[in-house]
Amino acid sequence: MTQKAKEKALNLVIVESPAKAKTIEKFLGKDFLVKSSYGHIRDLAKKDFGVDVSNNYQPQYVISSDKKDVVKELISLVQQSETVWLASDEDREGEAIAWHLYEVLGLTPAQTKRIVFHEITKEAILKAIKNPRPIDINLVDAQQARRVLDRLVGFELSPVLWKKVKPSLSAGRVQSVAVRLLVEREREINAFNADSAFRVVARFFVTDEDGKKHELRAELNHRFKTEEEAFQFLTHCKNGQFTVEQVTRKPFTKSPAAPFTTSTLQQEASRKLGFSVGQTMSVAQRLYEAGKITYMRTDSVNLADTAVSAAVQKIKSDMGEKYVQTRQFKTKSKGAQEAHEAIRPTYIDKDSVSGTAAEQKLYDLIYKRTLASQMSDARIERTNVNITVSGSTYKFHASGEVILFDGFLKMYIESSDVEKEDEEAPGFLPPLKEQDVLGLMAMEARERWTQKPPRYSEAALVRKLEEQGIGRPSTYAPTISTIQQRGYVVKEDRPGNPRKYRLVQLEGGEVKKSVKTENAGAERSKLFPTDIGMVVNDFLVKYFPNIVDYEFTAKVEKEFDQIAVGDVQWTKAIDQFYQPFHNQVEETLEKSERNTGERVLGTDPKTGKPVIVRIGRYGPMAQLGDTEAEDEKPAFASLTREQSIETITLEEALKLFELPRDLGLYEEKKVVVGIGRFGPYVRHDGKFASLKKGVDDPMEISLQRAIELIEEKRERDNKKIIKSFEEEPDLQILNGRWGPYIGYKGKNFKIPKEKDAEKLTLEECLKLVEDGGKKAPATKKATTKKKTTASGKNTTASKSTKAKKSAAKK
DNA sequence: CAGTGAGCGAGCTTCCGCTTGACTT
């Protein structure tokens, strides 16, 4: 490539993504060199806000540390080029990227052309090349306003939290609203009072002309409030006659869902494949880089014409002409910028790909959804049946569906979030006609509760944010990860609780009552706000209601639009926002109390001391006794993961003070059980072993079981050391989560995959340590901390990516 | 990385949106 550049790179095209660059280069031929900027190349400086508020909000831009090499290369290529084509996306951010490139690369208007395309097809690219335009500075200004606003909000608000709640917390236009949604939903759930009623379901039978019996399930059109009413109704039915009153048939059609956007892909991958949003994005990224799907960060539901015709071809040849029905979908989400296509297979005739299981499954989803979107409506007939009960005004109701023509259903059926336990998918009905008399097999009235509002899954939260126009396709996954990293939210399974329900059954001419138990409220992989999340949210809602308002983003987006069309100067818009906002910040710093979410639960009956819960330095805690009391210090205990300041009772809090507790002696040393930073544990001889979640209870655990845990832990620790050397006790070969590694003086070093860890000699190990040390010299000054992706655990220390990159090059 | 929770205070944390690798213990 540099070869080509040196010869005659007359035309340098710069796009945002390297995978895109590769594709486009193929379309453009040898006179064009296509390079990537890898997204934004500059950002606001981190120090001093990066915005000079006293100088008309002058932004201080610096080249991002991980983009220095990219910029250097682009600068040298520009010098060898006659024309530079800035081909970043056609949206606010893309325009800004073009402008930053223009500034940083020292381009002139004469040598620069700005081009845009919304799909990566040869026609679209060639057309774009024929229609260049200048950089739209108004659009750039709209982006600067967006960027500066987010910085001002984030960097003024977060320090308020450090002072008033806890260090290292954060607030921002997007994340704070995301947390608010979760907190408000949690409160709705806490305030929810389940109401119950008896739902009556009957199993009837009808005999056809051949004497064959067919079963029919039907539900009563009324739910009884009390068990007595239900009992009376069933008793009445013992001798009742059941007659088909009416049979109606109604045809209707169903249409396929639109092709995937980032948000809908995340939702469906979550529902159908159980992927987290981060997982979905990283799998999609790999498919994209391998050229198998189009760009995965998009808010557009549009398909390129070439893709539609490829889909038509494929549907025709696989399923026949009658399955074809092309459509143009329109986006419904607020603030969509539609710089790309919808997510679809690059080659629509490919119905599967090679790769990991996850890649194959996600591709399959994308393939089917894309094809289905261009397939015929399904035609369905629904049959409704009403059944009268002699001597009663209530009626039973049954419905069934018959698919007359499957259409797109042949390919793809969209899933839904709501699990309605009371409803069954309508199936087939036996042949029935009006005035048929039905026989009764059995009937039951089961107590059912109204359901609490559901907690958000990651993907459901993304959908909600998108609906409100908050956040962008590129930020959904990172936002979800940020609010978890800050400790505002945890993603968890909750087992649910047993709940009794009453049942009245009519069977064999007898009506009987019983009480049974079901499990209620179990949650799988849902987002729960933590106490910190709630306290921070309440603080922000109280002092900055305008910022965490659900409409805030929509409002500022309107301003940005006005800037983009040149009606408003961006610095003016920012000034109008910042003056009052800054006063709000100052006032809050001055007036507001420290917020610890403190709640007084009552007094301990044994000691008469007050019991309170609040957020302490190490998280939510309970406190027994006053801090002001002179004679003795209060006792403290951390809340467990499942407990919350908002819902804990006095009894539960008092229990916490019973820990740590002595279980007895083992090998002449004390065995103690307690709850620590990582949950319940047993301690023995200076070593800790975790209690098994859902199995062991720290209040109940026996000495015998504790010893088991200690022994298991010992076993694991023994396996941890693969090899050690007498000559060098600091060095050990250890067994870790990702396989064997070398531990040396508190640092860890990788063992190359091809080496057998057990056979390594001390010399070889020391060499690996030395090599590893060379690769990562200690440039601890690098202030940019790497964001980890999906898992959200931030365990990495600062690393020097720069040194590694340049080393890898040669 | 584990039984903490006062107060002192240095130095640090933090936003959103565009992009990929790097590489974990």
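Protein chains get the first letters and strands the later ones, always in sequence-line order, with residue 1 at the start of each. What you see below is based on every heavy atom in this structure, not just the backbone, and it leaves out hydrogens, waters and symmetry mates.
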Under 4.0 Å between any heavy atoms, over every strand shown, what does A/Ser168 touch: base, sugar-phosphate, or nothing? Just pick one. base
Using the six-membered ring of A/Tyr488, assess whether NZ or CZ of A/Arg486 lies under 6.0 Å from its centre and within 45 degrees of the ring axis. no
Which nucleotide, B/dG17, B/dC15, B/dT20, lies nearest any side-chain atom of A/Arg151? B/dC15
Is the ring of A/Phe155 stacked on the base of B/dT14, with centres less than 5.5 Å apart and planes under 30° off? yes
Partner set under side chain to side chain donor-acceptor pair (under 3.5 Å) for A/Arg114, not counting sequence neighbours: A/Ser88, A/Glu95
Listed partners of A/Glu559 passing side chain to side chain donor-acceptor pair (under 3.5 Å), at least two apart: none
Sugar-phosphate, base or nothing in reach of A/Gly619, heavy atoms under 4.0 Å: base
Can you confirm whether more than 12 heavy atoms, excluding those of A/Lys22, are under 6.0 Å from its NZ atom? no
With the side chain of A/Trp162 defined as its heavy atoms from C-beta on, choose the nearest nucleotide among B/dC18, B/dT19, B/dT14. B/dT14
Whole-Å distance separating the CG atom of A/Leu287 from the P atom of B/dT20: 14 Å
Separation of B/dC18 atom P from A/Gln337 atom CD, nearest Å, is 7 Å
Between B/dG7 and B/dG11 - P atom distance, rounded Å: 22 Å
Report yes or no: is the ring centroid of A/Phe636 under 5.5 Å from the six-membered base ring centroid of B/dG5, with the two planes under 30 degrees? no
What dot-bracket string describes DNA chain B from 5' to 3', counting Watson-Crick and G-U wobble pairs whose defining distances are under 3.5 Å, with [ ] for crossing pairs and | for pairs to another strand? .........................
Give the rounded distance in Å between these two atoms: CZ of A/Phe552 and C1' of B/dC15. 12 Å
Does A/Gly172 reach a base, just sugar-phosphate, or nothing at all? Heavy atoms under 4.0 Å. sugar-phosphate
Mind checking if A/Tyr288 touches a base, just sugar-phosphate, or nothing, with heavy atoms under 4.0 Å? sugar-phosphate
Protein-nucleotide distance (A/Phe49, atom CZ; B/dC16, atom C1'), rounded to Å: 15 Å
Side-chain N or O of A/Arg486 versus OP1/OP2 of B/dT13: is the shortest distance under 4.0 Å? no
Within the structure shown, what part of the strands sits under 4.0 Å from A/Ser88 by heavy-atom distance: base, sugar-phosphate, or nothing? nothing
Taking only the side-chain heavy atoms of A/Arg146 (C-beta and beyond), determine which of B/dT19, B/dG17, B/dC15 contains the nearest atom. B/dG17
Using the side-chain heavy atoms of A/Ser690, tell me which of these nucleotides is nearest: B/dT14, B/dG21, B/dA2. B/dA2
Can a side chain N or O of A/Arg472 be found less than 4.0 Å away from OP1 or OP2 on B/dC18? yes
Give me the ring orientation class for A/His40 and A/His100: parallel if the planes are under 30° apart, tilted from 30 to 60°, perpendicular past 60°. perpendicular
Could I get the full list of side chain to side chain donor-acceptor pair (under 3.5 Å) partners for A/Arg146, not counting sequence neighbours? A/Glu93, A/Asp150
So what does A/Gly471 touch, heavy atoms closer than 4.0 Å: a base, only the sugar-phosphate, or nothing? sugar-phosphate
Heavy atoms from C-beta onward define the side chain here; which of B/dG3, B/dG5, B/dT19 lies closest to that of A/Tyr681? B/dG3
Whichever of A/Val153 and A/Gly39 has its nearest DNA chain B nucleotide further upstream toward 5': A/Val153
May I ask you to verify if any side-chain N or O of A/Ser17 is less than 4.0 angstrom from the OP1 or OP2 atom of B/dT20? yes
Between A/Phe49 and A/Arg151, is there a cation-pi geometry (under 6.0 Å to ring centre, at most 45° from the normal)? no
Hits for side chain to side chain donor-acceptor pair (under 3.5 Å) against A/His684, two or more places apart or cross-chain, chain-then-number order -> none
Touch check for A/Pro473, heavy atoms < 4.0 angstrom, all strands: base, sugar-phosphate only, or nothing? nothing
Just call it for A/Thr475: base, sugar-phosphate, or nothing, with non-hydrogen atoms closer than 4.0 Å on any strand. base
Under 3.5 Å, is there a donor-acceptor pair between the A/Asn546 and A/Gln584 side chains? yes
d(NZ, A/Lys22; C1', B/dT19) in whole Å: 15 Å
Rounded to whole angstrom units, what separation is found between the CG atom of A/Asp48 and the P atom of B/dT14? 17 Å
Taking only N and O in the side chain of A/Gln285, is any of them less than 4.0 Å away from OP1 or OP2 of B/dT20? yes
Return the value, rounded to whole Å, for the distance between atom CD of A/Gln175 and atom C1' of B/dC16. 9 Å
Using a cut-off of strictly less than 4.0 Å, decide whether A/Ser170 has a side-chain nitrogen or oxygen near OP1 or OP2 of B/dC15. yes
Nearest listed nucleotide, side chain of A/Val174, among B/dT19, B/dG17, B/dT14: B/dG17
Salt bridge (Lys or Arg N to Asp or Glu O under 4.0 Å) pairs, two or more places apart, involving residues 158-170 of chain A: none
For A/Ala19, which contact category applies under a 4.0 Å heavy-atom criterion: base, sugar-phosphate, or nothing? nothing
For A/Arg173 and B/dT14, is the shortest distance between a side-chain N/O and OP1 or OP2 below 4.0 Å? no
What's the closest nucleotide to the side chain of A/Lys46 if the choices are B/dC15, B/dT19, B/dC16? B/dC15
Have a look at A/Leu149 and say if it touches a base, only the backbone sugar-phosphate, or nothing, with a 4.0 Å heavy-atom cut-off. nothing
Could you tell me whether A/Glu156 contacts a base, only the sugar-phosphate backbone, or nothing, with contacts defined as non-hydrogen atoms closer than 4.0 Å? nothing
Closest to the A/Tyr38 side chain: B/dA2, B/dT20, B/dG17? B/dT20
Pairing donors with acceptors under 3.5 angstrom, does anything connect the side chains of A/Tyr288 and A/Arg286? no
A/Arg683 side chain N/O closer than 4.0 Å to the phosphate oxygens (OP1, OP2) of B/dG3? no
To the nearest Å, give me how far apart CD (A/Glu95) and P (B/dG17) are. 18 Å
